[in-house]
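Following: one structure in structure tokens, then a few remarks.
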Amino acid sequence: MPATHEVFNQPAPLVDVNLFAGNQPLQAALAFNAPALDTAHLHALGQQVGSADMQNHARLANVFTPQLKSHSRFGHRIDQVEFHPSYHALMTAATAAGLHGTPWAQTRRDAGPPQGAAAPSGGSEPHEVGSVGAHTLRAAGFMLFTELEPSMLCPISMTYAVTPALKDNPAIYQDWAPQLTSRAYDPALKLWKDKAGVTMGMGMTEKQGGSDVRANTTQAVPDGSDGWGQRFSVTGHKWFFSAPMCDAFLILAQTPAGLSCLFLPRVLPDGSLNQLHIQRLKDKLGNKANASSEVEFTGATAWLVGEEGRGVPQILAMGTLTRLDCALGTSGLMRHALSIALHHTAQRSAFGKKLIDQPLMKNVLADLALESEAATALSLRLARSFDRSGDAHEQAMQRLLTPVAKFWICKRGSHFAQEAMECLGGNGYVEEGGEGIMARIYREMPVNSIWEGAGNIMALDLLRALRKADAGAALAHELAPAQGMHPALDHLAASLPNRVELMATEMEARRLAQDVALAVQAALLAQTAPAAVFSAFCDSRLAGHWGHSFGSLGAGVDFDAIIARAMPT
Ligand SMILES: Cc1cc2nc3c(=O)[nH]c(=O)nc-3n(C[C@H](O)[C@H](O)[C@H](O)COP(=O)(O)OP(=O)(O)OC[C@H]3O[C@@H](n4cnc5c(N)ncnc54)[C@H](O)[C@@H]3O)c2cc1C
């Protein structure tokens with residue numbers, strides 16, 4: 001073919017960059033929430049997840065999606081899911097980075113170093129449990145890894161989240177804890193104690209109800225007891241059951257005393273396969289590298305966790321942490337989309353200027369940068385509360401901010417992704433064999449808002465949280481450091497405790513969740529961000545100098561300062 005044209009004005013991809021070193025808002029949030037933290041591990045992880053090699057694994061894991069192998073070629077039921085080697089490479093890296101369990105590792109050195117698991121290149125190891133900021137450190141790592149590949153983090157997140165709930169069956173927890181916190185990834189389907197590391201999932205949602213799990217029909221019949229406590233035989237189904245190749249699950253089922261939380265392993269202690277059958281894998285909008293399934297239990301063996309009949313609060317101890325991860329995950333995705341948009345517009349020219357220098361594009365990019373930094377600040381502030389759960393104020397904020405952050409940050413995600421995609425023009429909308437990272441981000445965004453409690457459920461949960469604690473006073477205490485720094489924030493802060501005490505009706509719950517989120521985000525930015533970011537956030541989100549789309553910040557905003565702070569390199 002004779003050359004028809006020269007290719008120019010097409011940007012280079014954003015690869016081989018340190019995603020931590022270039023993320024000023026994340027570093028500022030860490031310095032605020034865990035000032036004593038050693039971030040060497042995050043520097044190493046940032047380098048690893050920003051590498052072209054790992055990004056190629058992410059692409060392949062999304063192009064070659066999981067396949068269900070229900071039967072062997074000889075007709076035996078095997079209920080296995082087959083993954084591309086790149087999926088396993090990503091799981092190995094996430095587990096080695098400790099994203100699934102480091103904060104819970106009591107004697108991690110006894111459990112490791114794991115066989116065959118590569119540590120993040122050149123980095124120190126994450127902190128031990130009890131050290132200052134273990135959850136915050138892990139949260140920052142989770143955000144960074146989300147920029148590489150979010151969907152395979154589903155089992156990583158569930159494994160992290162399971163510990164507080166599982167501890168209520170001390171015998172099982174004692175047996176499983178070493179493998180749950182080991183930094184080895186071991187995908188083999190075999191007895192937990194023969195494995196270098198394990199993962200866990202959760203099964204609540206049934207066909208007739210996901211938000212209202214009290215409608216669960218799965219039955220658990222008493223089946224004696226043993227060293228792991230009361231045993232049950234489980235018959236029924238789960239309509240959504242992500243990561244079915246996990247080694248065990250916490251599920252909800254109806255026992256004689258009501259809905260209860262049960263521990264259901266895939267391989268039973270005698271080495272036989274449990275009666276858990278994968279019906280099919282879900283064909284999803286996004287979240288492609290993660291297998292989500294429908295399953296049936298036909299007399300599966302499970303053990304009681306916590307009090308019989310109190311299954312919902314029991315499993316919600318797990319749900320609280322997965323909700324934290326939804327907020328962290330969306331914040332990571334926002335940061336990734338923003339970085340790509342900034343990187344692209346800094347290289348692409350139109351109408352005689354780099355796009356990033358066109359005034360209206362500056363407005364779009366700066367507005368996205370404000371949203372991304374506010375999401376990062378709120379997510380990490382929530383993570384900090386899990387490090388300090390002995391402190392009454394932190395307990396109150398954990399209860400209050402979990403639904404608030406999950407609701408607001410995840411709600412903003414899809415809109416954010418669409419706008420960031422548009423910064424790339426047509427290139428943003430193209431898949432191109434999985435190279436279209438923006439398309440992947442856009443397809444991933446809605447799931448964090450839906451699973452683990454959809455938007456309305458989170459807003460209603462906030463109302464429940466307000467009923468219990470002295471929430472108005474806790475909120476006022478949280479906002480106090482920013483008092484006098486912006487009139488619009490002062491105005492909102494003054495009205496919120498009263499609205500909280502009056503307790504909004506269900507009809508107003510979303511509005512209240514939004515306003516609590518914005519007030520806390522603004523107060524955090526007052527303490528962690530430059531004045532240009534804080535004032536533009538308050539002017540736009542709180543004082544009304546803003547339109548209904550991104551890119552409608554008012555005049556007087558220091559666009560260049562906001563963009564410079566957000567640049568990924
Ligand atoms: C990819 C994916 C993976 C998943 N993986 C798992 C998994 O591993 N384990 C698991 O247990 N579940 C899983 N889920 C299920 C998920 O948690 C549920 O889909 C979710 O909780 C919503 O439940 P539902 O689909 O039954 O919707 P519904 O409960 O029918 O809710 C539909 C809508 O109604 C709203 N709504 C409900 N009640 C009220 C009310 N009182 N007032 C106002 N609005 C209300 C909800 O906010 C929602 O917007 C997964 C879902 C997806 C998409």
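Order of listing sets the numbers, starting from 1, for every ligand and every atom in it.
Counting protein heavy atoms under 4.0 angstrom from atom 30 (O) of ligand 1 gives zero. At a distance under 4.0 Å, no protein heavy atom can be found next to atom 33 (C) of ligand 1.
Ligand-side atoms of ligand 1 in range of Ile457: 37 (C), 38 (N), 39 (C), 47 (O), range being under 4.0 angstrom from any heavy atom. In the vicinity of Met204, heavy-atom distances shorter than 4.0 Å reach the ligand 1 atoms 10 (C), 11 (O). Every atom of ligand 1 with a heavy atom of Ala454 under 4.0 Å away is listed here by number and element: 46 (C), 47 (O), 48 (C), 49 (O). Heavy-atom proximity to Lys284, at under 4.0 Å, picks out these atoms of ligand 1: 1 (C).
Which of Ala215, Gly209, Ser242 comes nearest to atom 4 (C) of ligand 1 through a heavy atom is settled by distance: it is Ser242. Here the shortest heavy-atom distance to atom 20 (C) of ligand 1, taken over Ile450, Asn290, Thr205, belongs to Ile450. Looking at Phe240, Phe249, Phe241, it is Phe240 that brings a heavy atom closest to atom 50 (C) of ligand 1.
In this structure, Gly203 is part of the shell of residues with a heavy atom less than 4.0 angstrom from ligand 1. Using 4.0 Å as the threshold, Leu460 has a heavy atom nearer than that to some atom of ligand 1.
Under the 3.5 Å distance criterion, with hydrogens and angles disregarded, a donor-acceptor pair is assigned to the side chains of Thr505 and Glu508. Judged by distance alone, the side chains of Thr217 and Glu206 do bring a donor and an acceptor atom under 3.5 Å apart.
Checked by atom type and distance alone, the side chain of Ser157 never pairs as donor or acceptor with a backbone atom of Leu153 at under 3.5 Å.
With a 4.0 Å cut-off on non-hydrogen atoms, Glu452 touches ligand 1 through its backbone and not its side chain. Counting heavy atoms under 4.0 Å from ligand 1, residue Trp239 does not touch it at all.
For ligand 1, the polar-atom distance check against Val447 finds no nitrogen or oxygen pair separated by under 3.5 Å. In terms of N/O distances under 3.5 Å, ligand 1 is approached by Ser211. Between Gly210 and ligand 1, an N or O atom pair is found at a separation short of 3.5 Å. Taking distance alone, with nitrogen or oxygen atoms compared against 3.5 Å, Asn456 approaches ligand 1 more closely than that limit.
In this structure, Met54 CE and Phe145 CZ are separated by 5.0 Å, a value rounded to the nearest 0.5 Å. To the nearest 0.5 Å, atom CZ of residue Arg214 and atom CG of residue Leu259 are 10.0 Å apart. The line from CD1 of Ile340 to CE of Met438 is 5.0 Å long, rounded to the nearest 0.5 Å. Taken to the nearest 0.5 Å, the CZ atom of Phe240 stands 9.0 Å off from the NZ atom of Lys284. Atoms CZ and OG1, from Phe249 and Thr199 in turn, are 7.5 Å apart once rounded to the nearest 0.5 Å.
Checking each of Ile409, Leu368, Ile441, Thr330 against Phe416 for a side chain to side chain contact (heavy atoms under 4.5 Å, CB included) leaves exactly one that passes, namely Leu368.
Remark: aromatic rings of Trp228 and Trp192 are close, center separation under 6.0 Å.
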Show, in sequence, the C-alpha distance, side-chain angles and deciding distance for Phe64 and Tyr87, and conclude whether the side chain to side chain contact (heavy atoms under 4.5 Å, CB included) test is met.
CA-CA 9 Å; Phe64 300 102; Tyr87 173 89; over 6 Å; no
